[in-house]
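What follows is a set of notes on a single structure, which appears directly below.
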Amino acid sequence: MKVFDLDLLCDDALIETDLCIVGSGPAGLSIANEFANLGTKILLLEGGGFDEEPESHSLYTIECVGGPRKVDQSAIRSRGLGGSSRIWTGRCAPFDALDFEPRPWIAHSGWPFSLVDIQPYLERAGTNLGLGPNRYDESLWSEFRVSRPLPPLNERPLKPMFWQFSRSPRDQKISVDFGRDLTNVRSDNIQILVHANLTHINTSPDGGRFESADVRTLRGKQARIRSRALVLCCGGIENARLLLSSNRSAAHGLGNQNDLVGRFLMDHTDCRIWDLGEDSAQRLLSRFGTYWLDNERARHVFLHGLGLSRELQQEERLLNCHAYIDQFGLAEDDPWSAIQRLVPALRSRRLSENTRRDAQQVLRSFGEISRGLYRRSFAHRPQRVRAQRYELHFILEQKPDPASRITLSTENRDALGMPLAKIDWKISDLERQTAKRMSLLLHDEFRRLDLPALDVPHWLDDLGEWVSRCTEKAHPTGTTRMAVSAKEGVVNENCQVHGVEGLFVAGSSVFPTSGAANPTLMIVAMSLRLADWLKSNYFAVSSERPEKVEFPSLSFMYQKTRRETESSTVIKIGLVGTGRRIREIYLPILEQMSSRYQIAGFATGSAEGSRRFESQTGIKSFASAQELADQKEPDLLVVAVPDRRTEATVDGLLDHGIPLLVETPLAWSAAGVRKLIAKAAMKKVTIGVAEQFPFLPLEQFRKTLLELGVFGNVFAAFNDFHSYSYHGIAQLRRYLKGNPTKVRNEEFHFENGVRWQSGSVIFTDGARLQHNYAVLGQALHSSVHFHGTAGSMSDEVITVCDSASGESQTASLVRNCDSSGRLVSISASLPKIGEVRWSNRFAEFNFSDEQIAVATLLDGMAAAVRKGIRPLYTADESLLDIEIVQALRYGSVHGRVIRLPLQENVQKALALAGRVLRRRLSS
């Protein structure tokens, strides 16, 4: 990314770009990074500079008229490259499922989508934030490599809560700074302009379409940015202020036709409930506090606390609330601080009276240090330090209140001449009630767990005293809230301002409710969701990439410069091959979906087969794929030839520059798949793989259950003689979250000629895929089943575990068909969850399960062609399947563990050496 300074450009410049992003914090840079090295020109505006500048930061001055904003603005807001990520603590946690739902006791609650919809983006957000596994429940105990604390928590009123801390790739001791960690991407299409303070958003005369943005420096330089779209990413206060200030075409500000901009201001109220003595604090921290999760990438730090359960919030009509223990400073007699001072002093031989005191402190604390070393080495927890003070805090959700709001000051302006933000922040009695109930619950639960039972503070009975003790967490939220209707919110479900085409808002200001979790993880996830929507639905994203830029994988990117396929909704398809898959699967799909797809023609290697297929179907034949491509210009080629010929066929077709949807296997060796991926990258051609097993109706229903968290985190998946080879690997991999790291396989012989192989694949999170296959001698019952921390599924039977009672309940799925036998949906009624349903979007067609799977893949490939996005199943995923299959094959020869990615030459050499050794031994 190239960075420019507006102060160094000519005055009154007109800058044109495709997408303008205002704000370089976690939201803005996450969106920009998603466009890296694509054909869309991105300009990111930052009002500050590279470092903290007092005169620039003064633009954040506020006028406060409501609940006191006690924290110094300079400590909680940062105007400079990286935004708030320059100063944040790095604490991350996802919102709860209940946070997204309409709650009758909380007016204006409910989001336009659910936690399930945002879950994939939470996974991706973790990468930007330097996080470990996307896990925040008690499945983490196994990841921490420690036993679950006993006695277990009473999860009826309370739930275990975990936060994870962001870690910078530059330095594991600090959190990600987006200005430093995300701007080093090599991407010529993204430019950053610093000292560019947005002063007005310009629209068409009727206010219905975004046109340009005016920016200005504190030194007086001005510029106008003209772009197709603009995304505001300036935080919960500034987003509202900038919309309200842009009032040339709309007198009351943009998006404010219903007087909603700036309303529903929420934060998290933070309150110190208890001051803890050393003994009480250490007893509580022995169970709660910090844990380590070590994996192949880094050490990830988690904080364990408590939260109100979903059931209790619903039953007692409360807000969400979390509790955690915080500690401040280091005590003078902390032995670990003494060690840190003592070691360099002894190395340098610069001894003093302080050195003697530190040595004495270390000797006196030998037992404490030994316990700390044990914690670090075996309990995977940092040593306990002696702090100056310990506090137990509550962080509370606020209810959405339209009277809690941001307006523009009528008296005070900043150095740019813009009105200051006037903040009227409200704190409600429901927060006090929630905090009091939480303190009562903790008192009772700590006593039950034989932990210090702390008295409930008397001041929780008085609203005034409660308010005086509250502090904002600097998480301003809700001021440009999201809603389907303009009468209920400022932006729609895709973050576009109601009534203003091309104007978008990202960040916590769009959250309809605040939850009790720190917002940054959700901010980044929502920003990635918006970036995907912009790429797929708003921009005709050019996929031309500069040749000098290197990319780790281009196998899913459609790079060919070609006519715009979005001008028509119909995709022209050329068929390569005339075998059973084409005749029985693809032709019925394409014929019934003729409003979406047009068959351009076919090519096959057999002249006789070509004449016969043409006479039977009436589809025009071509002597070669090249002739088909030249004469018909298909948007997509479907390749279904005998598997022994697939690799060579695809290799030749890549020269034609047309996207390919290829039947499995792409090649029978990992080397062959890698060669095709490399050539596709060089030729800039998309390859999608028609691996149907993960997209069969039953698998799509299973995916729905998994995304809802019905089974918790799946730790074991079994293919018992059910799905063949790479199909089974592709199918079962989708149940597991981690990445496969090693493979082991053994062959077994039983009486009467029964012979089978049992392969296991170990994943980064410790999960296991068990693949039993190649049975000879007799037919056995086949099955697919998997097990998670909260339930399991065996074929069509679902088992759900109640964590409170320990009891399990089962349910069977139901295939719902219409009167003609067409599959309409698959559903199951689950305890405590209710009905879960997967709907067949091809129910209007007479498709078999296999055809539904292929139609799903075909639609996904069509979207990849139109919009430049990934196919549903990429060549990279196919490579992973084939690597595992090959590793299983090599493993059956010598029984050793084989690590991934597969090194084929090494395995071939080992196999050859084994065969030679066996021959010598036998002779």
Side-chain angles (χ1 to χ4, degrees), residues 581 585 643 646 662-670 673 689-703 705-706 711 714-748 754-763 767-788 792-797 848-850 852-854 856-857 872-893 897-898 900-902:
R581 293 288 293 176
I585 303 297
D643 56 20
T646 302
V662 185
E663 281 287 307
T664 54
L666 197 54
W668 270 113
S669 70
V673 179
V689 181
E691 174 51 76
Q692 67 184 34
F693 271 56
F695 302 96
L696 293 166
L698 176 57
E699 295 305 315
Q700 295 194 51
F701 178 67
R702 283 175 174 156
K703 183 180 180 183
L705 296 175
L706 288 163
F711 308 108
V714 176
F715 55 82
F718 297 84
N719 173 26
D720 288 339
F721 317 112
H722 185 280
S723 303
Y724 170 74
S725 189
Y726 47 85
H727 294 312
I729 298 298
Q731 178 183 4
L732 269 68
R733 265 199 315 109
R734 292 296 180 98
Y735 306 152
L736 305 172
K737 288 185 176 180
N739 297 313
T741 59
K742 51 189 177 182
V743 176
R744 184 168 186 173
N745 193 22
E746 293 182 89
E747 185 166 305
F748 299 92
V754 174
R755 180 167 63 88
W756 80 96
Q757 293 180 358
S758 181
S760 58
V761 184
I762 307 302
F763 286 67
R768 177 186 294 264
L769 185 160
Q770 196 71 28
H771 190 57
N772 298 320
Y773 63 106
V775 177
L776 298 177
Q778 68 182 71
L780 294 179
H781 172 71
S782 63
S783 173
V784 169
H785 51 109
F786 55 84
H787 303 270
S792 62
M793 188 169 183
S794 179
D795 297 328
E796 299 185 357
V797 178
S848 66
D849 282 10
E850 192 174 7
I852 290 170
V854 173
T856 302
L857 287 159
L872 289 182
Y873 211 83
T874 67
D876 296 302
E877 292 180 277
S878 183
L879 171 62
L880 186 53
D881 297 336
I882 292 298
E883 279 192 319
I884 293 173
V885 168
Q886 274 196 278
L888 289 169
R889 186 163 66 247
Y890 288 129
S892 67
V893 175
V897 171
I898 297 175
L900 299 175
L902 182 68

Over all heavy atoms of both residues, which pair between L736 and A716 is shortest? Give the atoms and the distance, please.
-> CD2-N, 4.4 Å
Member of Q770, H771, H785 meeting the side chain to side chain donor-acceptor pair (under 3.5 Å) criterion with D720 = H785
Answer whether the closest heavy-atom distance between the side chains of D881 and R733 falls below 4.5 Å.
-> yes
Considering all heavy atoms of both residues, which atom of W668 and which atom of R889 are nearest to each other, and what is their separation?
-> O-NH2, 4.3 Å
Give the minimum heavy-atom separation between L888 and R744, together with the two atoms involved.
-> CD2-O, 4.1 Å
Got a second to check how far I852's CD1 is from E699's CD, nearest 0.5 Å?
-> 13.0 Å
Would you mind reporting whether R734 and F695 have side-chain heavy atoms less than 4.5 Å apart?
-> yes
What is the minimum heavy-atom distance between Y873 and A730, and which atoms define it?
-> OH-CB, 3.1 Å
Where L872 and T856 come nearest, the two heavy atoms and their spacing = CD1-O, 3.3 Å
From I729 CD1 over to N719 CG, what is the distance, rounded to the nearest 0.5 angstrom?
-> 7.5 Å
Heavy atoms, side chains only, cut-off 4.5 Å: are I882 and L666 in contact?
-> no
Derivation of the side-chain contact (heavy atoms from CB on, under 4.5 Å) call for T646 and V662 = CA-CA 8 Å; T646 302; V662 185; 3.6 Å; yes
Can you check whether P740 reaches L769 side chain to side chain, under 4.5 Å on heavy atoms?
-> no
Output the distance between atom CG (L900) and atom CD1 (I884), rounded to the nearest 0.5 Å.
-> 6.0 Å
Rounded distance (nearest 0.5 Å) linking atom CG of N772 with atom OG of S783 = 10.5 Å
Between Y735 and A717, the two heavy atoms sitting closest are CD1-CB, 3.9 Å
D795 (side chain) donor-acceptor with V784 (main chain) under 3.5 angstrom = yes
Which distance, rounded to the nearest 0.5 Å, do you find between the OG of S792 and the CZ of F715?
-> 8.5 Å
Is the shortest heavy-atom distance from the side chain of F786 to the side chain of L732 under 4.5 Å?
-> no
Less than 4.5 Å apart, any side-chain heavy atom of I762 and any of V897?
-> no
More than 12 non-hydrogen atoms from neighbouring residues, nucleotides or ligands closer than 6.0 Å to NZ on K737, yes or no?
-> yes
Under 3.5 Å, is there a donor-acceptor pair between the side chain of Q886 and the main chain of A670?
-> yes
Taking side chain as C-beta onward, heavy atoms only, is E877 less than 4.5 Å from V689?
-> no
Can you check whether E691 reaches Y726 side chain to side chain, under 4.5 Å on heavy atoms?
-> yes
In Å and rounded to the nearest 0.5 Å, what is the NE2 to OG1 distance from H727 to T664?
-> 4.0 Å
